[in-house]
Each structure stands twice: as structure tokens, then as C-alpha cells.
Amino acid sequence: MGEKIVELRSVSKAFHGRKVLDGVDLVLEKGQTLVIIGCSGIGKSVTLKHIVGLMEPDEGQVLVFGRPMSGVSEREKNRLRLRMGMVFQSGALFDFLTVEENVAFALREKYALPEDEVRRRVKEALELVGLPDAGEKMPSELSGGMRKRVAVARALVYEPELMLYDEPTAGLDPIRAKAMDELVLKLKSQGKSAIVVTHDLHSAFKIGDRICMLHEGRFIIDGGPDEVRNSDDPVVKRFISAFYD
Ligand SMILES: Nc1ncnc2c1ncn2[C@@H]1O[C@H](COP(=O)(O)OP(=O)(O)OP(=O)(O)O)[C@@H](O)[C@H]1O
Ligand SMILES: [Mg+2]
């Protein structure tokens with residue numbers, strides 16, 4: 001087995017007495033792209049939030065780059081977060097800052113990187129997502145798809161070893177969705193590891209080395225695209241056939 005980039009060990013999490021994650025185990029190895037699928041409200045975003053340390057498990061442990069991300073100080077979490085980029089489902093841009101300021105925000109405010117380094121990284125990230133000239137725009141001037149790509153750029157400025165994407169192709173037209181898949185594959189070819197949450201099974205089967213389906217608090221399948229596509233599990237089958245019907 002390769003180096004473990006992310007590891008969830010028996011992670012459980014409940015909200016208002018309802019268990020969303022119920023003893024989840026998951027390992028992401030270096031260089032892999034792992035796709036998480038599953039119904040709405042099942043806990044996919046909650047899983048990602050545990051990996052970036054925005055949520056603490058009720059039970060179990062979260063390790064990132066072999067180090068604990070749960071039960072540690074915010075300072076320790078920030079050290080690990082510098083090595084990862086997260087694209088939030090909502091995009092979560094600051095409406096009062098330009099695109100350039102949004103993308104640069106954490107590097108400037110939180111990590112105080114030198115300004116020429118910040119500018120270089122922002123320029124590269126905006127080029128990678130196909131928005132080289134959008135820096136001066138305000139988020140309100142952007143389409144939903146452009147906001148999404150700015151959110152990806154904001155994750156890329158960390159030059160992360162690990163990317164976490166929460167529905168990166170949602171709301172994108174087919175051409176931009178394809179470009180997003182290609183970006184994920186390009187980063188993979190550079191040796192980066194990734195976890196992608198998506199409802200888009202076309203994309204899942206294209207980019208995923210492994211596809212995991214979350215259901216009733218656990219991953220009920222974890223396998224390569226063909227294994228998942230041909231699964232006999234009735235829940236998996238129903239989910240996949242609903243997409244293609
Ligand atoms: N901060 C929170 N407080 C209370 N409940 C929460 C919180 N975050 C998530 N939940 C609940 O946990 C469950 C799983 O939410 P989650 O956002 O992970 O779903 P999801 O699988 O990402 O769904 P979708 O595909 O719609 O994005 C939902 O029932 C949600 O209401
Ligand atoms: Mg979600």
C-alpha cells in the first residue's frame with residue numbers, strides 16, 4: 001500500500017441525535033483520486049469537513065498526511081491545511097472582495113506569504129481554471145459556473161498535495177464540466193491526491209481511481225469504476241440506474 005494521505009478510522013458523527021457517519025473507515029493513498037457518491041443529505045460534505053478539520057468526530061480519528069487532524073489545536077490543523085485545497089459546495093466567495101482578492105485571501109491574511117509569491121500563485125491558479133482575466137471582477141459580476149471556478153482557483157493557490165472538491169461540476173455547462181474533469185486529471189498527472197464528491201456519475205467514472213458510495217452512515221462499496229458499475233449491491237445498482245435512466 002502507498003503512503004496514506006487521508007485516513008478515517010471508525011469515524012462517527014451525529015447531529016441532533018441522528019447519526020450521519022456511523023463508524024466510517026476510509027483510506028486515500030498518495031496519487032489516487034477517490035470519488036464519493038451518495039444521496040443528498042447522506043453525509044458527503046460532512047465527510048470532507050472532517051478531513052479539513054472543520055468538524056470534529058464524536059468518535060474515531062481523522063489522519064491527514066499521517067498526522068492527526070482531529071483532536072488537535074487549530075494551529076496544528078492550519079499547518080496541515082496549508083498542504084490541502086478545499087473547494088466548498090457553496091463556492092463561499094466573499095462578495096465584497098474582487099476575484100483576485102478572494103483567491104489571494106488566505107495566503108495574505110492567514111499565512112502572510114510574501115506579496116510577489118501571492119501574486120504568482122494567484123495568476124497561475126486563475127490560468128489553470130481558465131479565468132486569467134477575471135482578477136478585477138467582483139463575484140456579483142460572475143456566472144455561477146465562473147464562481148465555481150474561482151472557488152477552485154482559491155483552493156489551488158495552496159499548491160496543495162491534496163485537493164478536496166465538493167461537487168466541482170455542479171452548475172457547469174457540459175463543456176466547462178469536461179474542462180473541470182480535465183483539470184482534476186491534470187493535477188492527478190502531477191501526482192496530487194484528491195477526493196471528489198459528485199452527483200455526476202459521468203465525471204465520477206472518468207476521474208475516479210476508486211469510487212465509494214456512502215449510505216446509512218457507511219461506505220457500502222469501495223472499488224474501481226468497473227467494479228462499481230457492475231456491482232450487484234441493490235442500493236448501488238438503484239443509484240446508478242437512476243442516473244442513466
Ligand atoms: N452543521 C450541521 N449541523 C446540523 N446538521 C448538519 C450540519 N451539517 C450537516 N448536517 C446534517 O448532516 C446530514 C448530511 O449533510 P451533508 O451536507 O454531508 O450531506 P451531503 O451528502 O453533502 O448532501 P448533498 O448531496 O445534498 O450536498 C444532513 O442531514 C444535514 O442536515
Ligand atoms: Mg454536500
Side-chain angles (χ1 to χ4, degrees), residues 6-28 33-62 64 69-71 74 77 81 84-93 144-145 147-152 154-155 162-172 176-177 180-181 184 194-208 210-223 228 231 233-245:
V6 175
E7 188 175 4
L8 303 191
R9 290 187 187 154
S10 308
V11 167
S12 293
K13 182 72 173 177
F15 297 105
H16 313 297
R18 191 183 141 243
K19 243 183 183 175
V20 173
L21 303 181
D22 188 6
V24 163
D25 292 307
L26 189 72
V27 171
L28 174 74
T33 297
L34 185 153
V35 174
I36 299 178
I37 59 173
C39 294
S40 274
I42 210 79
K44 303 181 300 297
S45 296
V46 164
T47 301
L48 290 185
K49 284 174 188 166
H50 278 82
I51 297 168
V52 283
L54 292 174
M55 282 184 180
E56 283 282 324
D58 298 333
E59 291 163 63
Q61 224 190 348
V62 181
V64 185
M69 180 54 110
S70 55
E74 202 60 20
K77 286 182 180 181
R81 284 177 185 140
M84 54 212 269
M86 164 107 192
V87 182
F88 289 94
Q89 190 167 3
S90 60
L93 301 180
R147 293 173 74 100
K148 195 91 202 186
R149 286 186 287 153
V150 172
V152 174
R154 198 175 50 181
L162 167 65
M163 278 290 279
L164 304 168
Y165 305 85
D166 203 343
E167 301 196 19
T169 58
L172 297 188
R176 302 245 155 59
M180 185 66 76
D181 286 344
V184 174
I195 300 183
V196 184
V197 168
T198 188
H199 286 298
D200 179 351
L201 291 184
H202 286 301
S203 167
F205 288 130
K206 197 155 84 189
I207 63 179
R210 274 164 62 205
I211 296 166
C212 303
M213 181 167 175
L214 193 56
H215 182 71
E216 294 180 346
R218 302 236 175 157
F219 287 106
I220 56 167
I221 193 163
D222 178 345
V228 173
S231 168
D233 184 299
V235 177
V236 177
K237 273 173 89 161
R238 185 150 31 92
F239 189 82
I240 291 174
S241 63
F243 182 82
Y244 287 104
D245 277 352

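Residues: numbered from 1 along the sequence shown. We count ligands from 1, going down the list as the structure has it; atoms in each ligand are counted the same way.
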**Prompt:** Within the structure, does Gly38 bring an N/O atom to less than 3.5 angstrom of an N/O atom in ligand 1?
**Reply:** no

**Request:** Answer yes or no: is there an ion pair linking Asp166 with Lys44, defined by an N-O contact shorter than 4.0 Å?
**Result:** no

**Asked** Of all the heavy atoms in Glu167, does at least one lie under 4.0 Å from an atom in ligand 1?
**Response** yes

**Request:** Compute the ring centroids of His202 and Phe243, then answer whether they are less than 6.0 Å apart.
**Result:** yes

**Complete:** For Met84 and Ile51 the tightest heavy-atom approach is CE-O, 3.3 Å

**Message:** Looking only at distances, can you tell me whether any N or O atom of His16, backbone or side chain, sits closer than 3.5 Å to an N or O atom of ligand 1?
**Reply:** no

**Item:** Shortest protein heavy-atom distance from atom 14 (C) of ligand 1, along with the residue and atom involved
**Value:** Gly41 O, 3.3 Å

**Asked** Looking only at N/O atoms, are Ile42 and ligand 1 under 3.5 Å apart anywhere?
**Response** yes

**Asked** Would one find an N or O of Val46, backbone or side chain, under 3.5 Å from an N or O of ligand 1?
**Response** yes

**Asked** Do you see a protein non-hydrogen atom under 4.0 Å from atom 11 (C) of ligand 1?
**Response** yes

**Request:** Check whether any protein heavy atom sits under 4.0 Å from atom 29 (O) of ligand 1.
**Result:** yes

**Request:** Would you check the N or O atoms of Phe15, main chain and side chain alike, for any that come under 3.5 Å of an N or O of ligand 1?
**Result:** no

**Request:** Do me a favour and list the nearest non-hydrogen protein atom to atom 26 (O) of ligand 1 with residue, atom name and distance?
**Result:** Ser40 OG, 3.1 Å

